[in-house]
Amino acid sequence: RLRKWQKRIKVSNAAERNLSQALQELERMASNLSIPNDVRETAAVIYRKAVKQNMIRGRSIEGVVAGSIYAACRITNVPRTLDEIASVTRVKKKEIGRTYRIMARYLKLNILPSKPDDYVNRFCSKLRLSMEARKRAEEILKMAVDNDLTSGKGPTGVAAAAIYIASLITGERRTQRAIAEVAGVTEVTIRNRYKELTEKLNLTIEE
Amino acid sequence: MSEMEKITIENIVASTSLAEHLDLSKIALALEGSEYEPEQFPGLIYRLKEPKTAVLIFRSGKVNCTGAKNLENVKKTIDIIIEKLKKASIEVYDNPDIIVHNIVAVYDLESDLNLTDIAMSLGLENVEYEPEQFPGLVYRVEEPKVVLLLFGSGKVVCTGAKEESEIEQAVIKVKKELQKVGLI
DNA sequence: GCTTTAAAAAGTAATGT
DNA sequence: ACATTACTTTCGAAAGC
């Protein structure tokens, strides 16, 4: 009987230790990514749900924390890329993506697929582009979605191309290299999306 | 059998048993070009050029065959392995039962798909669509129990089926579900 | 869970000329 | 700027770590 109590206390201690450790990790990663408090709280709620469902078995605390942050960013419609999340952890991007997908299903998070315009504000801020440029980029993206030009394409690549076009239109030109850097895609991808958007939407860079 | 002809089988995974025990080191010498590195993987790897398949042979006598596009080639592959082992004075069974475990096939819905709309219509609980990670939408069908990968082009990959009929059932099923919600 | 095999889909990435 | 190769996802069996 005494043994049983000791065991319960031990398990409880271990669980508490792991939880506080996880929440510290969450704060560290979130700080490095400049993630706002409400999103951190959402991530913490998701992490606790994962713990309650015994989802840490066979997975690392760090991986689940990373997945929770990725999910929280998606839920609040301000997605970070897997590369960004991976940059503040030792967990590989592939593993974070796998963990996130398992959490989304198992915890029934019902998260909608990310869209290109979810990235516009963040990318444009990093590029120090005007509100006018952001507005232009969003207009282009609406046209792209309405014309079914985004199925299967990476949202960040499509967003990057739209921002590139918008920067040309407003005369605040940013190089493909600079945009590729903040969007985490290659210049080749921006060129491919740029070609498709300008051709299929008949966009002209005058005005 | 209406959709069957439009389904292209790309790969079949099957297994059989050729003996109670096999000496893989001996077989490695008998089969030219085979790879056997027990430290890396317990099975011996052997590739055939015709039919173009790959075989994994284990010391338990179990054998896996992958890469065949039809059942005839699976049988042909196993028969070739049996003949080669016999010529090397290695005793093996004659007509072992072959079990198909997985069939991978491609089908074409011949219509562009809006994967985001499909994800919401089929239900986010039943579907996985993460364009940042993979361009295809993953749809786990429960009956028949197979997995479909839907692409924006309308091409569909089916995997997990053990019989060709399951592929046809699954394909007809998604087609009807997509027609019902007007996304095809 | 991982390791190895084969194969398709379409997008993106890394190298090479 | 192109092309080629490679990797992402799904599936299953095998024996062993």
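Naming: A, B, ... by sequence-line order, numbering from 1 per chain.
- Using P as the reference atom, dA13(C) and dT9(D) are 15 Å apart when rounded to the nearest Å.
- Atoms CZ (Arg191(A)) and P (dT12(C)) sit 14 Å apart, rounded to a whole Å.
- Side-chain proximity of Thr186(A) to dA13(C), dA8(C), dT4(C): nearest is dA13(C).
- Residue Pro135(B) has its side chain nearest to dA10(C) when only dA14(D), dA7(C), dA10(C) are considered.
- Lys153(A) has its NZ atom 20 Å from the P atom of dT9(D), to the nearest Å.
- For Glu95(A) and Thr99(A), the side-chain atoms include at least one donor-acceptor pair closer than 3.5 Å.
- For the residue pair Tyr194(A)/Gln176(A), the side-chain donor-acceptor check at 3.5 Å is not satisfied.
- Counted by atom type alone, Ser125(A) and Arg134(A) present one or more donor-acceptor pairs between their side chains at under 3.5 Å.
- The interatomic distance linking Ile45(B) (CD1) with dA15(D) (C1') rounds to 13 Å, in whole Å.
- Contacts between residues 173-184 of chain B and DNA chain C, defined by a heavy-atom separation under 4.0 Å, are absent.
- The CG atom of Asn11(B) sits 9 Å away from the C1' atom of dT5(C) (whole-angstrom rounding).
- Gln133(B) and Arg98(A) share no side-chain donor-acceptor pair at under 3.5 Å.
- Of the residues near DNA chain C, Arg47(B) and Arg193(A), the one whose nearest nucleotide (by heavy atom distance) lies more toward the 5' end is Arg47(B).
- Candidate nucleotides dT12(C), dA10(C), dA6(C) were compared by shortest atom distance to the side chain of Ser153(B), and dA10(C) ranks first.
- Nearest-nucleotide mapping onto DNA chain C: of Gly157(A) and Gly67(B), the residue sitting toward the 5' end is Gly67(B).
- For DNA chain C, the neighbouring residues in residues 13-44 of chain B, judged by any heavy atom under 4.0 Å, are Val13(B), Phe41(B).
- Ile190(A) has its CD1 atom 13 Å from the P atom of dA1(D), to the nearest Å.
- One atom, NZ of Lys52(B), and another, C1' of dT5(C), lie 11 Å apart when rounded to the nearest Å.
- If you take NZ of Lys155(B) and P of dA7(C), they are 18 Å apart, rounded to a whole angstrom.
- A donor-acceptor pair shorter than 3.5 Å cannot be found between the side chains of Glu132(B) and Ser114(A).
- To the nearest whole angstrom, the two P atoms, one in dA15(D) and one in dA7(C), are 23 Å apart.
- The side chain of Arg98(A) lies closest to dT9(D), out of dA13(C), dT9(D), dA15(D).
- Sequence neighbours left out, the pairs with a member in residues 45-69 of chain A that pass side chain to side chain donor-acceptor pair (under 3.5 Å) are Glu62(A)-Arg90(A).
- Separation of the C1' atoms belonging to dA8(C) and dC2(D) is 25 Å when rounded to the nearest angstrom.
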Derivation and outcome, side-chain contact (heavy atoms from CB on, under 4.5 Å), residues Tyr164(A) and Thr175(A): CA-CA 8 Å; Tyr164(A) 176 64; Thr175(A) 65; over 6 Å; no

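- Side-chain contact annotation: His101(B) with Ser15(B), donor-acceptor N/O pair under 3.5 Å present.
- For Glu10(B), the listed nucleotide lying nearest its side chain is dA7(C); candidates were dA7(C), dA14(D), dT8(D).
- Out of dA7(C), dC2(D), dA14(D), the shortest distance to the side chain of Lys195(A) is found at dC2(D).
- We find that CZ of Phe151(B) is positioned 10 Å from C1' of dT8(D), with the value rounded to whole Å.
- In the set dT8(D), dT4(C), dA8(C), the nucleotide with an atom closest to the side chain of Leu56(B) is dT4(C).
- When atom types are taken as modelled, the side chain of Asn73(B) and the backbone of Lys76(B) share no donor-acceptor pair closer than 3.5 angstrom.
- The closest side-chain donor-acceptor pair between Thr53(B) and Thr77(B) falls under 3.5 angstrom.
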